[in-house]
Structures are given as C-alpha cells and as structure tokens.
Amino acid sequence: MKQDYYEILGISKGASTAEIKKAYRKKALEYHPDKNPGDTKAEEMFKKAAEAYEVLSNPDKRARYDQFGHAAFDGAGGFGGGGMNMDDIFSQFGDIFGSAFGGGFGGFGGGGQRRVKGSNLRIRVKLTLEEVANGVEKKVKVRRKKQAAGVTYQTCTTCGGRGQVTKITNTILGRMQTATTCSTCGGSGQILDKKPHDADAQGLKIEEETVAIKIPAGVEEGMQLKVPGKGNEAPGNGVPGDLLVAIETHDHETLKREGDNLHYDLYVSISEAVLGTSKEIDAVGGKVRIKLEPGIQSGKILRLRGKGISSINGYGSGDLLVHVNVWTPKELNKEQRDFFERMQGNDNFEPRPEKSDKSFFEKVKDMFS
C-alpha cells in the first residue's frame, strides 16, 4: 500500500500552500542524492517527497487525492501519482532548492554537471472498444537511437568534466562571475572518445526494439500515455527519452461511447412492444439478454448499471443505456391494414402517457445528471 502523501511530508491535511512547499524543501534537502551518495533508501524517500509535493501543490490534484486517495491517479502515466524519476524531479522542482547544493540543480553531483536527456519518440496506438473497456498490453516495434557497442567517452577538456564554463567580467559594480553550459559537451562533461563506424557522431545507432505498453482501462481518444526511458538514448551515458503513446480508438458497430457510459439503439416491432419480448444485445463483455415488459414505449431508456467503461481514475464503471425504438412498418398488406383501420378510434389504442413516461427533454436531463 502506498504511503499517505501528507504523512510523507509530515504535514496535516489542512496545510497551506506555503507549508507544503516548506515541508517538501526540508525533506528534499534531507534526502538529496548529493547529501546521501549511494544511499538507495534516501533516494527512494527523495522520490516519494517529490511525488507527494507534485500532487499536494496542485489544487485540482490535491482535491482529487483528498476525495479518492491514490485511486485518483491509478493508471495515469507520468506524474500525478504515477512515479517520478530523478531528472523529472530536478527539471520540475529545481527552483525550490535555490543554491543549497553549490548553485547547480541541473542533475546529480551538484557541481553543475548535468545528465543529458535523449529526445522523446511519439507513436499512435489504435484500440477497439473492448480493449478500452478492459485495458490491454500492446507490443509495438519502435526504432530508437541506442548507444552503440564499443563506444567510449572521455572527460571534456573544455570544462574539465563540470559541464559548465565559468567566465569572470569586470563591471562598474565589480567583478561578476557567470556560468554557462559548455558548448563542447552540451553540459554532460564528456566527449566521444571511440565509436564503431556504423554509429553517428554522438556514438548512437538506430535499432528496432519491441516495447510492451500497458494501457489502462478507460483511456479516451486523444489521450497520451508515457513509457519512461523508451525514447532515444542520450550520448555520454545520459538519460533516455520517453516514448509518448497517443491513443486512437476504432468505432464500434453498435455501441457508442459517451464518457464512461455506452449507448445502444434497440429496435423492436410493434407486436414485440405490445406483447413484450426478450432481446440479446451487444455489450463490451459479450452478449447480454434483456427483458422488455409488455406495453413498452418507444423512447424508453433501460439502464444496465456497471456495463459501461471502467473509469480511468478508478471511480467504478459507467452504464450501458439501451434506447428502445418501436419500428413502424412503412408498408402493410390488406389484412394488416384492415386490422389497424379497425383499431382507429379504439379506446385502448388512444395515447395516455403516464407520469412515469418522461418527455424527451426529461430523459436527456436524466442522462446527464
């Protein structure tokens, strides 16, 4: 079970934004990698504190967490309860630390050297409605840059491995010192020493790799998931980029999605509506059979609870809404026409809507309430 975010930072649930920031800075400085070299437990606490701060410092995420706990972020990629890596923490929350570690917060080491991150890759994955409803693991082939075998690096001679170049200038205010990223090594502190002939100028080569992508139930068209570390690798033993997965969905033949709910149009004959019947209809888990009571009206909506799409935020599942449509024949033979002509004016065939027979606008209102 994941530890409570308030407990991690050592604050109460009523803590102010300033108190949350102060508590995070205290924890992060206590467990910073520069202060605890090689201490995996300290590194884990450093990550937990950053994850807690990322959620509690955001009013919307904090409100969701207060209401639903960690379930509010189940299945979500990236931050927001989905786990954070060191470089994400450094790039997002570096301003909180100020100059506590020698003025450098670009990466590990505190001396200005930073770990270069590789570029992200983007792919599209198309899902069926069944895959959206149940979640799925997709295996895709990705062509990504990886460090070639036999590549070696040496310390950058321009910056001496610091990743930064310091310059001192005389001004009317006195001597001023500025530090800029080393243009020779790009801030990594290393330059290429040896590489095979088939590698590029950075010692990387493109290789095809099969990547397993776990897609949670409830994703929607246009959502983007992140697979950390499966983008292009970076030179100098840097941090790999991420694989960004854009979600697309196939249209279902009979089911239409609206949020976590599904809609199904069921057509029945006049005789079926009058006498009642049972029908087999589509659902994401397979066929289901429903019973129609005698005298069912066209426009009636039957709600099958929990037969919709699982919520990506862990709030349960939506419903399957079955819209009953009584089909009126356009052509009749003589016997059929004679029957309906005899029924014209018959008291039993006169419309008498009851209070339970809601209007169209009332039904629409119910659907969205």
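Index from 1, following the sequence. Note that this is a predicted model, so its numbers are computed, not measured.
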Q: Of K117, K230, R122, which meets side-chain hydrogen bond (donor to acceptor under 3.5 Å, both in side chains) against D242?
A: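 Only match with D242 under side-chain hydrogen bond (donor to acceptor under 3.5 Å, both in side chains): K117.
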Q: Within the structure provided, determine whether F349 and Q344 are in side-chain contact (heavy-atom separation under 4.5 Å).
A: no
Q: Taking L302 as the starting point, is it possible to reach L262 by hopping between hydrophobic residues whose side chains are less than 4.5 Å apart?
A: yes
Q: Yes or no on side chain to side chain contact (heavy atoms under 4.5 Å, CB included) for K279 and V268, after CA distance, side-chain angles and deciding distance?
A: CA-CA 9 Å; K279 288 285 187 178; V268 298; 4.1 Å; yes
Q: State, yes or no, whether a side-chain contact exists between Q190 and Q154 at a heavy-atom distance under 4.5 Å.
A: no
Q: Identify the heavy atoms of L320 and A283 that sit nearest to each other, and give their distance.
A: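 Result for this residue pair: CD2-CB, 4.1 Å.
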Q: Rounded to the nearest 0.5 Å, what separation is found between the OH atom of Y264 and the CD1 atom of I301?
A: 15.5 Å
Q: Applying the 4.5 Å side-chain criterion to the ILVMFWY set and letting contacts propagate, would I191 and Y153 be lumped into a single cluster?
A: no
Q: Say whether L321 and Y267 are linked into one hydrophobic cluster, either directly or through other cluster members, by side-chain heavy-atom distances under 4.5 angstrom.
A: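 No.
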Q: For residues G229 and R144, report the shortest heavy-atom separation together with the two atoms involved.
A: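 Minimum heavy-atom separation between G229 and R144: O-NH2, 3.1 Å.
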Q: Is there side-chain contact between Y65 and H70, with at least one heavy-atom pair below 4.5 Å?
A: yes
Q: More than 12 non-hydrogen atoms from neighbouring residues, nucleotides or ligands closer than 6.0 Å to CG on D251, yes or no?
A: no
Q: To the nearest 0.5 angstrom, please state how far the CE atom of M45 sits from the CD atom of Q3.
A: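 So the CE of M45 and the CD of Q3 are separated by 6.0 Å.
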Q: Can you establish whether the number of heavy atoms outside E137 located under 6.0 Å from its atom CD is more than 12?
A: yes
Q: Distance alone, cut at 3.5 Å: any donor-acceptor contact between the side chains of Y31 and E44?
A: no
Q: Could you walk me through whether Y6 and D66 pass the side chain to side chain contact (heavy atoms under 4.5 Å, CB included) test, one step at a time?
A: CA-CA 10 Å; Y6 292 99; D66 287 345; 2.7 Å; yes
Q: Might you point out which heavy atoms bring L225 and P216 nearest each other, and give the distance in Å?
A: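 So the two residues come closest at CD1-CD, 4.0 Å.
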Q: Can you tell whether the side chains of K47 and E43 come within less than 4.0 Å, N to carboxylate O?
A: yes
Q: Taking all atoms of both residues into account, what is the closest heavy-atom pair of Q164 and C159, and its distance?
A: O-CB, 3.5 Å
Q: Take a 6.0 Å sphere around CD of E280 and say whether it holds more than 12 heavy atoms from other residues, nucleotides or ligands.
A: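 Yes, because the 6.0 Å sphere around CD of E280 holds more than 12 heavy atoms from other groups.
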Q: Heavy atoms, side chains only, cut-off 4.5 Å: are E293 and I296 in contact?
A: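 Not in contact.
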Q: Can you name the salt bridge (charged side-chain N to carboxylate O under 4.0 Å, His left out) partners of K334, sequence neighbours left out?
A: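 With sequence neighbours excluded, K334 shows a salt bridge (charged side-chain N to carboxylate O under 4.0 Å, His left out) to D338, given in chain and number order.
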Q: Could you tell me if the side chain of K195 sits less than 4.5 Å from the side chain of Q202, heavy atoms only?
A: no
Q: With heavy-atom distances below 4.5 Å as the criterion, would you say the side chains of L121 and I123 are in contact?
A: no
Q: Whether the side chain of E350 engages the backbone of D347 through a donor-acceptor N/O pair (distance < 3.5 Å, no angle test) should be reported.
A: no
Q: Quick check: do K145 and D200 have side-chain heavy atoms less than 4.5 Å from each other?
A: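 Yes; the side chains approach each other to less than 4.5 Å.
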Q: Same cluster for F340 and W327 if Ile/Leu/Val/Met/Phe/Trp/Tyr side chains link at under 4.5 Å?
A: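 Cluster IDs for F340 and W327 differ.
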Q: Provide the closest heavy-atom pair for E220 versus R257 in the form atom of the first, atom of the second, distance.
A: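 Nearest pair, atom of E220 first, then R257: CG-NH2, 3.3 Å.
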Q: State yes or no: do I247 and L244 share one hydrophobic cluster built from I, L, V, M, F, W and Y residues joined by side-chain heavy-atom distances below 4.5 Å, directly or via other members?
A: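 Different clusters.
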Q: When rounded to the nearest 0.5 angstrom, what distance separates CG in D4 from CG in L9?
A: 9.5 Å
Q: Tell me whether Q297 contacts the main-chain N or O of G295 through its side chain, where contact means a donor paired with an acceptor under 3.5 Å.
A: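 Indeed, once roles are kept as given, a pair shorter than 3.5 Å links the two residues.
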Q: For E209, run the salt bridge (charged side-chain N to carboxylate O under 4.0 Å, His left out) check against K139, K146, K141 and tell me which one passes.
A: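 With E209 as partner, K139, K146, K141 yield a single salt bridge (charged side-chain N to carboxylate O under 4.0 Å, His left out), made by K146.
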Q: Is the shortest side-chain N to carboxylate O distance from K2 to E51 below 4.0 Å?
A: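 Counted as a salt bridge, because a side-chain N and a carboxylate O are separated by less than 4.0 Å.
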Q: Under the side chain to side chain contact (heavy atoms under 4.5 Å, CB included) rule, what do L204 and N232 come out as? Steps first, then yes or no, please.
A: CA-CA 9 Å; L204 305 174; N232 288 323; over 6 Å; no
Q: Under a 4.5 Å cut-off applied to non-hydrogen side-chain atoms, are D282 and K287 in contact?
A: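 Sidechains of K287 and D282: in contact.
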Q: Identify which one of H263, R303, K307 satisfies the side-chain hydrogen bond (donor to acceptor under 3.5 Å, both in side chains) criterion when paired with D319.
A: R303
Q: Keeping the roles fixed (side chain from E233, backbone from Q147), state whether a donor-acceptor pair exists under 3.5 Å.
A: yes
Q: Nearest 0.5 Å please: distance from the CD1 atom of I20 over to the OG atom of S57.
A: 7.0 Å
Q: Could you walk me through whether H250 and L129 pass the side chain to side chain contact (heavy atoms under 4.5 Å, CB included) test, one step at a time?
A: CA-CA 7 Å; H250 292 284; L129 188 61; over 6 Å; no
Q: State, to 0.1 Å, how close P329 and L332 come at their nearest heavy-atom pair, and which atoms those are.
A: CG-CD2, 3.8 Å
Q: With rounding to the nearest 0.5 Å, note down the distance linking NZ in K13 to CZ in R62.
A: 10.0 Å
Q: When rounded to the nearest 0.5 angstrom, what is the spacing between NZ in K226 and CD1 in I213?
A: 14.0 Å
